Peer 1: 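Shown below is the structure under consideration.
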There are 2 protein chains.
Amino acid sequence: MLDTLTLKNMTEATKKPIKTAIIEDQDDIREGLASLIGFTDGFKCTGAYKSMEEAFEKIRRDVPDVVLSDIGLPGMDGIQGIKILKERYPQMLILMITVYDDDERIFDALCAGANGYLLKRTPPMRLLESLREAVDGGSPMSPEVASKVIKLFREIRPPERADYDLTPHEIRLLKLLVDGHNYNTAAKELKSSINTVKFYIKRVYEKLQVHSKSEAVAKALKERLLE
Amino acid sequence: MLDTLTLKNMTEATKKPIKTAIIEDQDDIREGLASLIGFTDGFKCTGAYKSMEEAFEKIRRDVPDVVLSDIGLPGMDGIQGIKILKERYPQMLILMITVYDDDERIFDALCAGANGYLLKRTPPMRLLESLREAVDGGSPMSPEVASKVIKLFREIRPPERADYDLTPHEIRLLKLLVDGHNYNTAAKELKSSINTVKFYIKRVYEKLQVHSKSEAVAKALKERLLE
DNA sequence: CTATTAACTACCTAAACGGGTGATGTTTTA
DNA sequence: TAAAACATCACCCGTTTAGGTAGTTAATAG
């Protein structure tokens with residue numbers, strides 16, 4: 001199995017090495033990465049920059065397939081920077097490589113366009129695999145990061161909507177209130193009298209256990225009672 | 001390197017093999033997985049079930065560390081099933097292994113408590129690594145899945161909150177309205193007179209371009225103006 | 001056929017609200 | 001130091017809302 005893998009890598013390498021650029025301010029790390037990539041078959045290091053500003057200036061000379069970027073950088077930080085890189089080179093793949101593993105930064109980096117997120121302690125082989133995985137359309141992440149992404153993922157949706165037994169008609173009415181209607185305009189919208197609207201709103205309030213239009217609107221929106 | 005890895009696996013194996021159960025209706029796949037896991041050092045197959053119903057009944061006899069579950073199952077489907085498993089055995093890890101790679105199912109499975117999501121074409125070695133990765137607190141995903149998770153992640157991104165130049169004070173006030181306060185109780189909360197509150201609310205309405213409390217509340221919630 | 005119920009309408013009152021205008025001080029700025 | 005900006009409060013007035021009671025019609029069920 002190892003042989004076939006190596007063979008596969010070599011043929012791919014011969015065909016077309018993965019052009020990689022590095023953005024990292026610490027000299028030892030930057031040079032280490034550059035060597036690793038430069039001396040591995042199937043990969044080519046097209047640039048190693050100390051800052052986003054430097055990258056912006058020089059990266060155009062040889063646009064890489066993948067950028068390996070740190071987050072903590074002097075001047076413009078990595079997250080801001082990759083946002084700009086993605087705008088200029090939308091097809092370019094971006095992997096973050098950083099010591100930060102807080103939810104905030106992971107979230108921001110991925111939303112800014114990062115295709116993967118690796119921690120600095122990623123072993124060299126895994127890093128090279130990640131580059132290839134990214135080129136193949138994957139999204140390599142360190143295990144801890146993947147774990148956090150999924151955790152964040154769960155947090156975003158779960159408000160398991162409570163059920164207040166609202167009838168379709170009551171829901172339609174509630175939507176109108178959410179859209180800023182008052183009793184009068186809502187009545188016209190529903191082609192019924194204002195008194196009818198008032199009557200049903202009372203029932204909605206009872207069901208939702210609220211005592212004003214804005215409380216009802218807040219509850220409807222917070223608990224996703226609409227749609 | 002291979003030697004150290006093997007050694008490491010063996011020591012871990014000796015210490016404590018990873019107890020794995022399989023839930024999969026297709027006989028060949030189920031038995032294949034069971035063999036793979038059963039005959040690999042460091043892993044132990046504690047059960048192989050054809051349906052969730054069977055798993056519920058028999059899994060208690062020897063609760064595994066990890067469950068490998070299909071999604072398409074006769075009777076209760078895998079997603080519903082793992083939700084129940086997670087309730088009964090919260091510490092149990094769950095990996096989906098399925099042919100489905102649609103956003104919907106990935107999303108649902110992860111929200112239902114899956115710790116990872118593998119496609120059926122995952123090579124055996126990678127599958128075993130995934131089991132270990134899960135036990136080590138990671139969230140193994142096939143590259144395509146990771147890619148989709150990140151794509152979904154970006155889509156959920158809060159709709160770039162518009163800025164209405166609300167002052168901290170105005171935001172505090174808006175929060176009170178969202179929480180169902182009226183002018184009077186809000187005034188008490190802010191330790192100021194009702195007239196002051198009315199005054200500031202007017203400004204909030206101007207800034208948000210609305211004309212009622214509920215419109216303001218709706219806008220604040222929809223556009224995430226708070227926090 | 002009568003009782004019941006659902007769906008809608010009506011009216012009433014007190015409270016809350018929205019939109020004005022304007023008066024104080026206090027702080028910042030020019 | 002004078003002017004401008006800000007924060008706080010006050011009153012007015014017409015409209016909207018909340019909550020209560022009650023009447024009409026039409027369909028349903030016993």
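The structure presented is a predicted model; accordingly, all values stated were derived computationally and were not measured. All chains are named by letter (A, B, ...) in the order of the sequence lines, taking the proteins before the strands, and each is independently numbered beginning at 1.
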Peer 1: Would you mind reading off the distance between B:Phe199 atom CZ and C:dG19 atom P, rounded to a whole angstrom?
Peer 2: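 In whole Å, C:dG19 P lies 14 Å from B:Phe199 CZ.
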Peer 1: Between C:dC12 atom P and A:Lys198 atom NZ, what is the distance in whole Å?
Peer 2: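 Atom-to-atom, A:Lys198 to C:dC12, this comes out as 11 Å.
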Peer 1: What is the distance from OH of B:Tyr183 to P of D:dC9, rounded to the nearest Å?
Peer 2: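 Value for this atom pair: 16 Å.
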Peer 1: Roughly how many Å is it from NE2 in A:His169 to P in C:dA6, rounded to a whole number?
Peer 2: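 Nearest whole value for this atom pair: 16 Å.
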Peer 1: What is the distance from CG of B:Leu177 to P of C:dA16, rounded to the nearest Å?
Peer 2: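 Spelled out: CG on B:Leu177 to P on C:dA16 is 14 Å.
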Peer 1: Does anything in residues 189-196 of chain B reach DNA chain C, meaning a heavy atom under 4.0 Å, and if so which residues?
Peer 2: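 Under 4.0 Å from DNA chain C: no residue of residues 189-196 of chain B.
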Peer 1: Name all residues meeting the salt bridge (charged side-chain N to carboxylate O under 4.0 Å, His left out) criterion together with B:Arg60; count only those two or more places apart in sequence or in a different chain, and write none if there are none.
Peer 2: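 If we apply the salt bridge (charged side-chain N to carboxylate O under 4.0 Å, His left out) test to B:Arg60, skipping adjacent residues, there are no hits.
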Peer 1: Assess whether a salt bridge exists between B:Asp103 and B:Lys151, defined as any Lys/Arg side-chain N lying under 4.0 Å from an Asp/Glu carboxylate O.
Peer 2: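 Between B:Lys151 and B:Asp103 there is a salt bridge, with a charged N closer than 4.0 Å to a carboxylate O.
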Peer 1: Does B:Arg121 have any salt bridge (charged side-chain N to carboxylate O under 4.0 Å, His left out) partners at least two apart in sequence or in another chain, and if so, which?
Peer 2: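 Here the qualifying residues are B:Glu144.
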Peer 1: For residues 62-69 of chain A, which side-chain donor-acceptor pairs fall under 3.5 Å, sequence neighbours excluded?
Peer 2:
{"from": "A:Asp62", "atom 1": "OD1", "to": "A:Lys19", "atom 2": "NZ", "distance (Å)": "3.0"}
{"from": "A:Asp65", "atom 1": "OD2", "to": "A:Lys19", "atom 2": "N", "distance (Å)": "2.8"}

Peer 1: I want to verify a distance call: between D:dT17, C:dG18, C:dA16, whose nearest atom is closest to the A:Asn182 side chain?
Peer 2: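 Minimum distance to the A:Asn182 side chain belongs to D:dT17.
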Peer 1: Distance-only check: which donor-acceptor pairs under 3.5 Å involve side-chain atoms of residues 198-208 of chain A, not counting sequence neighbours?
Peer 2:
{"from": "A:Tyr205", "atom 1": "OH", "to": "A:Lys213", "atom 2": "N", "distance (Å)": "3.0"}
{"from": "A:Lys207", "atom 1": "NZ", "to": "A:Asp165", "atom 2": "O", "distance (Å)": "2.8"}
{"from": "A:Lys207", "atom 1": "NZ", "to": "A:Glu170", "atom 2": "OE1", "distance (Å)": "2.7"}
{"from": "A:Lys207", "atom 1": "NZ", "to": "A:Glu170", "atom 2": "OE2", "distance (Å)": "3.3"}

Peer 1: Is NZ or CZ of B:Arg88 both nearer than 6.0 Å to the six-membered ring centre of B:Phe56 and within 45° of the ring axis?
Peer 2: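 Output yes; distance and angle both within limits.
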Peer 1: Between B:Arg105 (side chain) and B:Tyr100 (backbone), is there a donor-acceptor pair under 3.5 Å?
Peer 2: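 Absent.
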Peer 1: Heavy-atom contacts under 4.0 Å between residues 201-216 of chain A and DNA chain C, which residues?
Peer 2: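 Residues of residues 201-216 of chain A under 4.0 Å from DNA chain C: none.
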Peer 1: For the residue pair A:Tyr164 and A:Glu223, confirm or rule out a side-chain donor-acceptor distance under 3.5 Å.
Peer 2: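 Present: a donor and an acceptor within the cut-off.
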Peer 1: Mind checking A:Tyr200 for me? I need base, sugar-phosphate or nothing, with any heavy atom below 4.0 Å counting as a touch.
Peer 2: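 Counting heavy atoms under 4.0 Å across all strands, the contact made by A:Tyr200 is with sugar-phosphate only.
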